[in-house]
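Please read the structure below before turning to the comments.
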Amino acid sequence: MGHTPRPCSVAIGLGSHDLGVADAAVDLYKRGMAPVLVFTGATSPTTRERMPRGEAVHYRERAIELGLPDSAVMVEPRARNTGENIRFSRDLLAEAGIKVSSVLLISKPYEERRAYATARKLWPEVEIVSASSPMTLQDYVDSIGDVRMVIDMLVGALQRLLIYPDQGFMVSQQVPSAVVDAYERLCRGGFTSRLVRDEEGHILRQARR
């Protein structure tokens, strides 16, 4: 998204297979960007083996290991998709009586735009500032250690940007034609394990305009 991190009411770290999100959240907290962190996420087929206690719990353990005070961390352990990450975190903060006017939304680098578009749809009254670990694609692949999974995830994230606005899950984002072309080439190349499909197994596509 190209946002510059700035102090916000709260930071929310979105659960995934990537513990680097927790590392980025700790760095931003130590830089004074938020007084409290919410880690959100249950498990998924991608994270069940890596994070058997749940994504948010493993993120919290990592953050405390890196020196974050326990009092600064809240855990939302039920969310299984980005929409639930946002809704359940919003509800958790409301129940705790924490007033929120701005959110530092921390995700994997390639998920910033999807997370932002989802939050703008579900929590329009707050300002969203996107953040992630600054790194190149090659550095990210090296950190995960599985190039196939990273490309599959990239393709899945782009598909959701294309189809979810029509389904009411996120606000619409402009996707350049060159990016759509690259997405379609990768789909034809078999990088499809993270794509959303219909009941008959067909890949869901953007509605024709």
Side-chain angles (χ1 to χ4, degrees), residues 1-3 5 8 10-31 33-34 36-68 72-86 88-89 103-119 128-161 164 170 183 186 191-196:
M1 293 298 299
H3 293 173
C8 292
V10 64
I12 297 177
L14 302 181
S16 72
H17 62 274
D18 183 3
L19 272 177
V21 175
D23 295 358
V26 171
D27 175 67
L28 290 163
Y29 174 86
K30 290 181 176 180
R31 289 164 54 191
M33 297 297 167
V36 64
L37 295 177
V38 176
F39 289 129
T40 168
T43 58
S44 71
T46 307
T47 62
R48 193 168 294 123
E49 292 186 4
R50 295 176 180 225
M51 302 179 186
R53 294 183 299 283
E55 297 155 7
V57 172
H58 281 266
Y59 276 22
R60 175 186 177 277
E61 291 170 352
R62 173 68 171 173
I64 290 174
E65 177 185 315
L66 293 174
L68 203 72
V73 186
M74 301 174 71
V75 169
E76 186 295 296
R78 299 182 296 124
R80 297 186 180 277
N81 56 58
T82 307
E84 289 185 350
N85 288 141
I86 302 301
F88 294 170
S89 296
V103 173
L104 188 61
L105 194 59
I106 308 166
S107 65
K108 304 185 292 295
Y110 62 85
E111 287 281 10
E112 273 196 24
R113 189 166 294 276
R114 175 185 171 189
Y116 174 84
T118 304
I128 304 297
V129 179
S130 298
S132 63
S133 295
M135 59 175 65
T136 66
L137 176 59
Q138 186 61 59
D139 287 341
Y140 189 76
V141 170
D142 291 344
S143 74
I144 298 300
D146 187 336
V147 64
R148 179 82 194 198
M149 182 175 74
V150 170
I151 297 176
D152 277 347
M153 292 285 191
L154 285 168
V155 172
L158 198 282
Q159 182 208 29
R160 287 157 176 79
L161 282 176
Y164 276 3
M170 61 174 63
Y183 160 77
L186 289 167
F191 295 95
T192 59
S193 72
R194 296 294 297 175
L195 294 181
V196 181

Verify side chain to side chain contact (heavy atoms under 4.5 Å, CB included) between Met153 and Val150, making sure each step is shown before the conclusion. CA-CA 5 Å; Met153 292 285 191; Val150 170; 5.7 Å; no

Would Val155 and Leu195 count as a side chain to side chain contact (heavy atoms under 4.5 Å, CB included) if you check the C-alpha gap in whole Å, the side-chain angles of each, and the deciding distance to 0.1 Å? CA-CA 7 Å; Val155 172; Leu195 294 181; 3.6 Å; yes

Go through Leu137 and Leu154 one step at a time and tell me if the side chain to side chain contact (heavy atoms under 4.5 Å, CB included) criterion holds. CA-CA 11 Å; Leu137 176 59; Leu154 285 168; 4.2 Å; yes

Trace of the side chain to side chain contact (heavy atoms under 4.5 Å, CB included) decision for Leu14 with Ile106: CA-CA 6 Å; Leu14 302 181; Ile106 308 166; over 6 Å; no

Evaluation steps, side chain to side chain donor-acceptor pair (under 3.5 Å), between Glu76 and Ser89: CA-CA 6 Å; Glu76 186 295 296; Ser89 296; 4.9 Å; no

Apply the test side chain to side chain donor-acceptor pair (under 3.5 Å) to residues Tyr59 and Ser16: give CA-CA distance (whole Å), side-chain angles for both, the deciding distance (0.1 Å), then the verdict. CA-CA 9 Å; Tyr59 276 22; Ser16 72; 3.0 Å; yes

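Using a 4.5 Å heavy-atom threshold, the side chains of Glu55 and His17 count as separate. With a 4.5 Å cut-off on side-chain heavy atoms, Met33 and Asp27 do not count as touching. Leu104 has its side chain out of reach of Ile12: every pair of non-hydrogen atoms, C-beta onward, lies at least 4.5 Å apart. Residues Pro5 and Leu28 have side chains in contact (heavy-atom distance under 4.5 Å, counting atoms from C-beta outward).
Contact between Ala119 and Ile86 at its shortest, heavy atoms only, is CB-CD1, 4.0 Å. Contact record, Asp152 with Thr192: OD1-N, 3.5 Å, taken as the closest heavy-atom pair. Contact record, Arg160 with Arg194: NH1-O, 2.8 Å, taken as the closest heavy-atom pair. For the residue pair Tyr116 and Leu105, the shortest heavy atom distance occurs at N-CD2, 4.1 Å. A pairwise comparison of heavy atoms in Ala131 and Glu112 identifies C-OE2, 3.4 Å as the closest pair. In terms of heavy atoms, Ala24 sits closest to Ser133 at CB-OG, 3.5 Å.
Partners of Arg60 by salt bridge (charged side-chain N to carboxylate O under 4.0 Å, His left out), not counting sequence neighbours, listed by chain and number: Asp70. For Asp142, there are no salt bridge (charged side-chain N to carboxylate O under 4.0 Å, His left out) partners two or more places apart in sequence or in a different chain.
One distance of note links OH of Tyr110 with CG of Leu158; it measures 12.5 Å at 0.5 Å rounding. The distance from atom CD of Glu65 to atom CG of Leu19, rounded to the nearest 0.5 Å, is 9.0 Å. Distance check: Ile151 CD1 to Phe191 CZ gives 4.5 Å after rounding to the nearest 0.5 Å. Rounding to the nearest 0.5 angstrom, the gap separating the CD atom in Glu84 from the OG1 atom in Thr118 is 12.0 Å. Expressed to the nearest 0.5 Å, how far CZ of Arg62 lies from CG of Asp23 amounts to 4.0 Å. Expressed to the nearest 0.5 Å, how far CZ of Arg114 lies from OG of Ser130 amounts to 13.5 Å.
Judged purely by atom type and a 3.5 angstrom limit, His3 has no side-chain atom pairing as donor or acceptor with the backbone of Val129. For Arg53 (side chain) and His58 (main-chain N/O), no donor-acceptor pair under 3.5 Å exists by modelled atom type. A donor-acceptor distance shorter than 3.5 angstrom exists from the side chain of Gln159 to the backbone of Val196, with no hydrogens or angles considered. Under the 3.5 Å distance criterion, the side-chain polar atoms of Thr136 are matched with a main-chain donor or acceptor of Asp139.
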